[in-house]
Amino acid sequence: MNTKIQDKKSNARIAWEEFISNFSLNDKKNTSVKPAGNGTAVYSSSETTVRNTDEKPAFNFREYNEPEIVPPARLVPPRTTVIGEQVDITGNCKIEGDVEIYGEITGDVQAGGTIVVFGKVTGNMSGKNVILNAARVKGSIIAEETIELDDNSVVTDGKMVAEKILSNGKTECDMDISKIARFGEKANSSGNINTIRISIEEGAVIKGVVVSQ
């Protein structure tokens, strides 16, 4: 009886070992081990592939392009245009930057920068700033910011429009000033003045209606 029990156990053991053996054989058929170039094994099967995560792709210098370095744009300030003492221009002038007028212009002057007049202009002027030094101007003056007159400058006809005016000269025209009008002790103004604020030094002569808002 003991022999029969032993035989039954042996048969069961044999059947189990055969089952395990078949399972292991099937797994080995679907799995292969290949050595990698760096000595690390690479396991591959029909379902998945596992590689060494420490591997890094080779750097391809041919495919690498260095970023193009673009130099920053250089801002070139506009030059000053100079109209000499012996120059006499008839016609309108349009200038991008600053202009200095020592000669004589018969026509309108338009500038993107500051207009400085030492000579004579018969016509309208417009620019960022207008500065008169011993100048003679017959026409309107329009400035984005400031109009300045020294005590030897004269402006007649037209109109003067700006944010600020600082006058020590003679003006025979109306003024429309959006911020402040200042008249020095030698100023002589004939015309209506419309401004936010006004400052008049002792000795200045103002003839006309002054409206201070």
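Here, residue 1 is the first one in the sequence, and each next residue gets the next number.
Atom CG of N192 is separated from atom CG of D174 by 4.5 Å, given to the nearest 0.5 angstrom. Rounded to the nearest 0.5 angstrom, S212 OG and I196 CD1 are separated by 7.0 Å. The SG atom of C93 lies 11.0 Å from the CD atom of Q110; values are rounded to the nearest 0.5 Å. Separation of atoms OG1 (T156) and CD (E172) is listed at 6.5 Å; rounding is to 0.5 Å. In this structure, the separation between OG on S153 and NZ on K170 is 12.5 Å, given to the nearest 0.5 Å. Here OG1 of T195 is found 6.0 Å from CD1 of I177. Values are rounded to the nearest 0.5 Å.
When hydrophobic clusters are built by joining Ile, Leu, Val, Met, Phe, Trp and Tyr residues whose side-chain heavy atoms come closer than 4.5 Å, directly or via intermediates, V205 is not grouped with F183. M160 and I206 fall within a single hydrophobic cluster, where Ile, Leu, Val, Met, Phe, Trp and Tyr side chains are chained together by heavy-atom contacts under 4.5 Å. If you chain together hydrophobic residues whose side chains sit under 4.5 Å apart, V161 and L166 never meet in one group. By the rule that hydrophobic residues join a cluster once side-chain heavy atoms approach within less than 4.5 Å of another member, M175 and V154 end up as members of separate clusters. Cluster membership check: V211 does not share its hydrophobic cluster with I180, using side-chain heavy-atom separations under 4.5 Å among Ile, Leu, Val, Met, Phe, Trp and Tyr.
When all heavy atoms of D151 and K186 are compared, the closest pair comes out as OD2-NZ, 3.3 Å. Residues V99 and A111 share a closest heavy-atom pair of CG1-CB, 4.1 Å. Here the closest heavy-atom approach between residue I95 and residue T81 is recorded as CG2-OG1, 3.6 Å.
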Carefully, step by step, assess V155 and L149 under the rule side chain to side chain contact (heavy atoms under 4.5 Å, CB included).
CA-CA 9 Å; V155 178; L149 295 84; 3.7 Å; yes
Determine whether D150 and N168 satisfy the following criterion, side chain to side chain contact (heavy atoms under 4.5 Å, CB included), listing intermediate values before the conclusion.
CA-CA 5 Å; D150 70 352; N168 252 316; 5.6 Å; no
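Under the 4.0 Å criterion applied to side-chain N and carboxylate O atoms, E144 and K128 are not assigned as salt-bridge partners.
No side-chain heavy atom of V130 sits under 4.5 Å from any side-chain heavy atom of E148. Residues I115 and V109 are in side-chain contact: their nearest non-hydrogen atoms beyond the backbone lie under 4.5 Å apart. At least one side-chain heavy atom of V210 sits less than 4.5 Å from a side-chain heavy atom of I198.
A donor-acceptor contact shorter than 3.5 Å is absent between the side chain of N124 and the backbone of D108.
Remark: E201 pairs with no residue by the salt bridge (charged side-chain N to carboxylate O under 4.0 Å, His left out) rule, at least two apart or across chains.
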Can I get a per-line list of side-chain donor-acceptor pairs under 3.5 Å for residues 132-142, giving both atom names and the distance, sequence neighbours left out?
| unit_1 | atom_1 | unit_2 | atom_2 | d |
| --- | --- | --- | --- | --- |
| R136 | NH1 | N152 | O | 2.7 |
| S140 | OG | K159 | N | 3.0 |

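Here V82 is tied into one hydrophobic group with Y102, V116, F118, I131, each link being a pair of ILVMFWY side chains closer than 4.5 Å.
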